[in-house]
Structure formats: C-alpha cells, structure tokens
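All chains are named by letter (A, B, ...) in the order of the sequence lines, taking the proteins before the strands, and each is independently numbered beginning at 1.
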Protein chains: 2
Amino acid sequence: MKPTTIYDVAREAGVSIASVSNAINGKGKIGKKKREEILKVMERLNYQPSVIASALTGKKTYTLGLLIPDVANPFFAEIARAVEDIAHSAGYSVITCSTDNQDERVLAYIRLLEQKSVDGILIGTGGGADILAQLAEKPLPTVTIAREVQGLPVSGVATDDFRGATLAAAHLLALGHRRMAVLAEDLKVSSSQERVRGFRFSLFEAGIRLEDRDILPCASSIEDGKRATLELLRREDRPTAVFCSNELLAVGALQAAREAGISVPAELSVVGYDNTLLSTATNPLLTTIAQPIEQMVKLAFELLIGSGQESAGLVPQRIVMQPELVERESTAMPGTAELD
Amino acid sequence: MKPTTIYDVAREAGVSIASVSNAINGKGKIGKKKREEILKVMERLNYQPSVIASALTGKKTYTLGLLIPDVANPFFAEIARAVEDIAHSAGYSVITCSTDNQDERVLAYIRLLEQKSVDGILIGTGGGADILAQLAEKPLPTVTIAREVQGLPVSGVATDDFRGATLAAAHLLALGHRRMAVLAEDLKVSSSQERVRGFRFSLFEAGIRLEDRDILPCASSIEDGKRATLELLRREDRPTAVFCSNELLAVGALQAAREAGISVPAELSVVGYDNTLLSTATNPLLTTIAQPIEQMVKLAFELLIGSGQESAGLVPQRIVMQPELVERESTAMPGTAELD
DNA sequence: CCAAAAGGGTAAAGCGCTTAACCTAATATT
DNA sequence: AATATTAGGTTAAGCGCTTTACCCTTTTGG
C-alpha cells in the first residue's frame, strides 16, 4: 500500500531509475522518445516524485518560511495570501509563522525552518532584532518585507513609511488640523517608528510640535486603539485628529469616538494605515495610507528566489515603494458640521 | 560551509551515528551518561537535525496542509492562526493553501501536499468535492474542519450550521420580522447550504415561506454582498431583515443600506455569520452567529494527529459543536425609530 | 574506411538519518 | 561456577532521489 516510487516506474518502463529521473527533470541524457514513454508510465502509475527525497539529494525543498506578527491581522493576512499565490505559481509552498513579535517565538520558528531546510525566509515580523540578526550568518536566503531589521544586512522591500506618515500629516494639515495625536503600535518595529517620525517631522515643518504625550504606544488590537483614543478624548484640549499606525488601531479609534459620542469626521478625524479590508468595513469609511502589497510581495519573492543564484553574496538590495493616501470619509476639516 | 550533520556530532563525541540518533530521540539503547555527553556536543556544534533526512527514513515530516478558501478572509485567517498555534505547540508546521474554492487549485495543492509528504491535511475549503473524495483512497490522514465534504468518509469537526441559521431566524422572528432574505455564499459549500436550509426551515415553522428569489447566491466578498443587498432594497416589498451566510456579505449589506439611505437596524436588520473581527469594526456593530474556532481547531487537530495511531481505519468521527448568537446592534424590531 | 566525437543510457555513490540485527561486557540466576 | 539476561553500543542496510563517471552505439569528417 506504499506510494509509487521511482523504482516502480523504472521497472515498469524497463529503464534505469536514472533515466526516469532525467525524464522527470528534463535534463541529463534522455532521448525524446524514451522520455515520452517514461512520462506515460508515470502517468499510468500515478507517480508523484517525493520532494523529500529529492531535497535530500541537495536540491531545494521548494518551501519558504514567512515570518509575520499574526495572520489574523488583516494586513498580514493579505500579505500571506499574496506570498502564497506568487510562491505557489513558482512551485513553492509557504509555511506561515505568526510570531506575535515575541522573541522566543521568532527563535523557535527560525530553528524550525532551518530544520525543515526551507529555501528561504521572508521576514515581515517585528521583534527579535538581535535574533534575526543572526540570520545573516546562516546560509539561509532571507529577505525582509514591509519592514527593516536593524543589523540584518539582507535585501528587502518596504514602502516608505516616513513618507506615508508625511502624506497623512499633509492631508490633515491641509484640512486645518492643529491638535493631533498618533496611535503607535509596537515601537520596536521599524515601520512603526518611521511612521511616527514622519508624522512628527511634517508637523514640525508646519510649525506644530508633537509632544510625547501625544504619541500613544499601543498593542496591535482594536481594543487597544479604543482604549488609547478614549484616553485622548478625555483630555481638555483633545486633538481634532488622530493618525493611527495601523488599521486595527484606527477601528478602535472610531469605536472610541462613537462611544464617547464624538462624531467622526465632524469632531474628530482619523486616518489609518494599510488600507486593508477593514478600512472599507467601517462607517465612516476610513481614510488611510495604502501600501502596494502585491508588488511588494512580488519583488520580495524575486529577491529571495533570485538571491540563491548569481547574486549570492552580492550587496543587499533595498527596494522602497511609495505609499498612497486613500481619502475616504473619516477625515474632514476640524469642527465641520456633519453633512448628512 | 555546510551545516553540521549527525556525522560531525558522532565524530566529535567519539560515538557512532546510531548513538547520536538514539540520544536525540531518546529511544533505542543509550546510557544516560553518554546521552548527556552527546547532547552537550550537539549544543556546542549547534547541530540541528535535518527533518528532511529523518522524514525520508519513513518518519513523519511534521508538516500539515491546511486547505481553506482564502487566508485573506478574516474567518479563515482566524482559523489559520488557531491551526498554526496548536500545530506549532505540537511540533508541527503548516502549509496554508488558499484555494478560492476552485477545483484546479484544490487539485494542485493536494498534489503538492502529497509530494511533500505532509503528515495530514485539514480541509476547510469548499469546491472540489469529487476531487477531495479521492483523498479517502490515499493513505493521507484527512480531517475536515468547519464543513463536510460529500462522499468523503473522514473525521471532522464542524459547528451545526443548520442550528446557527435557526438561531438567527429565531432572533429575527422574535423581533417581529416577516419579510426576510438571505445572502448565501457559494452554495457548493455544505456549510452554506446548511445555513440556508436552517433559516428556511425556521421560517417555515413560523409559517413564513422563503421564496427562491429571497435567497441570493453571492461570491464571498464585501462587494458582492453590497450588490445583492442593493438589489434587494430596490424591491417594492423589500425585506426588513437579511441573514448573511458570512461576515463579508454582512458588511456589504451594511454598506448597501447606507448607500441607499436605509438605516440599520431601524429599517433593515442584518445578521452575519462567523463573528470575526469584522463584526466588531462596523457601525452599527454586527449581530452575528459565532463559531467556537479555537475549540474546533483543537479537536480537528487531535483527530488528525490521533488518527495516524490506533484509530487508523476506525470509523470516521464527526464532531459537531454548537454555534451561538451574539446580539449586537445591527438587529432590531422592524420599523423601529432610530434610537440616537 | 577508420578514428573521433556525439548521443543515449546505466551503474553506483551518496544525501542525513533511523532501525533491525548483531556484538560485547557486565550483572543476575540457579 | 556456568549460563542466561540485560544494558549499552555498533554495523550496515536502506528511505527515494540526483548525479557523476563510465560504457556502448551511431554519426560524422577526413
């Protein structure tokens, strides 16, 4: 009841296993005619080559690791989907690893991926900077996606988070906002830092000073965004706008406003980040900063798979893409009367 | 620059590779003392056993396949996360496969998983019933999750979808609704069928007949839910409530109502299904039917992993869990004046 | 017409690990 | 004291595949 092996095929076709192997891979010495025959036998026997065995022989496993904070977070779910699609179309499969940005988890997963001899790792997770840095030593191709890792000199693709924040700030500034705050997810993650920096910078250029108390560190959840916003709204000089470093937080902000009886965007503008399906589920629809996920993933994949080949040891490449402002309904001039 | 192998460890420790292997796996003949020594050497050499090689020897690959329609769909993203967590805690990793409910994709992925010799497959996808049915023949442990597959006599865990729909119907009925419609995602999927059946049944028992035209087949997307709802709202005798077989559709319904200037829940009640984070992002918050994802996944995993052992060939087990109604804000008595 | 190069195919050596069979020395049994 | 166990280790045979080195026909060119 064992699955068919290359031996079965060879026997049935009356050739050596070497020929079968050659026929499968289309290389080595093999006549066109014989090849057809073998292929036919394979078909008949419903033969499936074992990736395991072929990997052991020093070839690739055609498996990739994807490290992200959490697949249940819509942004990363979208990334996971994009990665899966492009990987699959190239014959790879991907092992998704949700790290929750926790060092131990990152470490455990990296070990695992090593043991499984994946052909490469896509890093979209935060946390474990020092741990991740070790990856540089390993012979494991690595590419970062949507973030950078301090001290990890590998290729990667990201969007310009500083610029994204700048876009958000400009939009809010143009609407006339002066008192603003930012909800910042996990500040250990570079992308989050950049977002804060960019926002602060833009405000600074406009002559507005963003105080430390206006930057609220949050966990990455709706609940936490709500909590932080509620706190913000309780202030005497409450801000007229909040910039959230991701959409979960933005949804939380919306909820908080609603609970506090403060209307968005009339009394409070909120802009999110990532443009996931969440931004399209809220009411009002979220104004947000979009990242070109598909393209990022595509490029990252190419860097990763390509990096095994000629470019091994080449200078790491960092591609940075441009974010875009998607204007929807959650932003307006401060103090605007509600339209409907 | 090759990674350390079992030979390196054996040489360094002055023992045979068999002993190293025994030391690692804690079985076979090996003295306590020698074992410690070997472990120490492994540590020092930073040795990581190759899962590939050990799998080839007939052991397990410690990899699972997860077939779902789409990881980017919040419900399945949550399932994927739960699966990942429990699998990881048991030493397994999982290859997520988004099939979009398309037969070719299902087929391709199954082939792939076979070639990779996964230890088991978790099926949460729709589509490819006939293709999936073949799985029964294979020596590949399979368990369905959150759905059944016609003609696939394998174990599985699901929630009682019929009952879930019944809960929704009872709620709506109790509120006084008479004219209702349902937005049904892909009717090829058993869970969707059951949901429709259950809803229809409850209405029937209450003396209300659900016409075919009141059951709108939809693709699984916000857009499509919106489209269908818009159509519904254009009718003369438009329904006062919609039951959506998933949350994406429910969000679409909400959007449609808003666009049509119909207020929810005052003029239209909508109930969703799945209780994902979407239901908590909308405004009004979605009344919905919740499935116990964590538990389902846990049980499914146990069935899958356990099924390799003693129970091989045993009668397939089907566990069914109970759904719950989560009452939020999107439902109310028909014709109710808005409260705020 | 013969040597040389091609073309087509095969045997066999691994890849890194597990395990059954086997061996040896120490301990238990009568 | 002689034999039977047992504990602790080792050897070697694979697992299913790739690939190198080698061999045997055909062509081909001079």
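OP1 or OP2 of D:dT10 sits under 4.0 Å from a side-chain N or O of B:Ser19. Regarding contacts with the backbone of C:dT19, a side-chain N or O of B:Lys27 is found under 4.0 angstrom from either OP1 or OP2. For the OP1/OP2 pair of C:dT10 and a distance below 4.0 Å, the side-chain nitrogens and oxygens of A:Ser16 include at least one atom meeting the criterion. Between A:Asn25 and the phosphate of D:dT18, there is a side-chain N or O to OP1/OP2 separation shorter than 4.0 Å.
Heavy-atom distances under 4.0 Å link DNA chain C to no residue of residues 4-14 of chain A.
For A:Thr63 and B:Lys116, the side-chain atoms include at least one donor-acceptor pair closer than 3.5 Å.
A salt bridge does not link A:Glu36 with A:Lys40: none of the charged nitrogens is closer than 4.0 Å to a carboxylate oxygen. For the pair A:Lys298 and A:Asp85, the salt-bridge criterion is not met [side-chain N within less than 4.0 Å of a carboxylate O]. Using a 4.0 Å cut-off between a side-chain N of Lys or Arg and a carboxylate O of Asp or Glu, B:Asp103 and B:Lys188 do not qualify as a salt bridge.
Applying the 3.5 Å distance criterion, the base of C:dG7 shares no donor-acceptor pair with the side chain of A:Lys29.
The residue among A:Ile17 and A:Lys34 whose nearest nucleotide of DNA chain C is located toward the 5' end is A:Lys34. Each of A:Val20 and B:Lys32 was assigned the nucleotide of DNA chain D with the nearest heavy atom; the assignment lying further toward the 5' end belongs to B:Lys32.
Note on A:Val15: only backbone sugar-phosphate atoms sit closer than 4.0 angstrom, heavy atoms only; bases stay farther off. Using a 4.0 Å heavy-atom criterion, one finds that B:Ser54 contacts the sugar-phosphate atoms exclusively. At a threshold of 4.0 angstrom between heavy atoms, the contacts of B:Ser50 are confined to the sugar-phosphate backbone, with no base atom among them.
Here A:Tyr47 pairs with nothing under the ring pair (Phe, Tyr, Trp, His ring centres under 6.0 Å) rule; sequence neighbours left out.
When distances are taken from the side chain of A:Leu56 to each of C:dG9, C:dG16, D:dG9, the shortest belongs to C:dG16.
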(request) Report the C-alpha separation of A:Asp186 and A:Ser192 in whole Å, then their side-chain angles, then the decisive distance to 0.1 Å, and conclude whether the side-chain hydrogen bond (donor to acceptor under 3.5 Å, both in side chains) test is met. (result) CA-CA 7 Å; A:Asp186 196 341; A:Ser192 185; over 6 Å; no
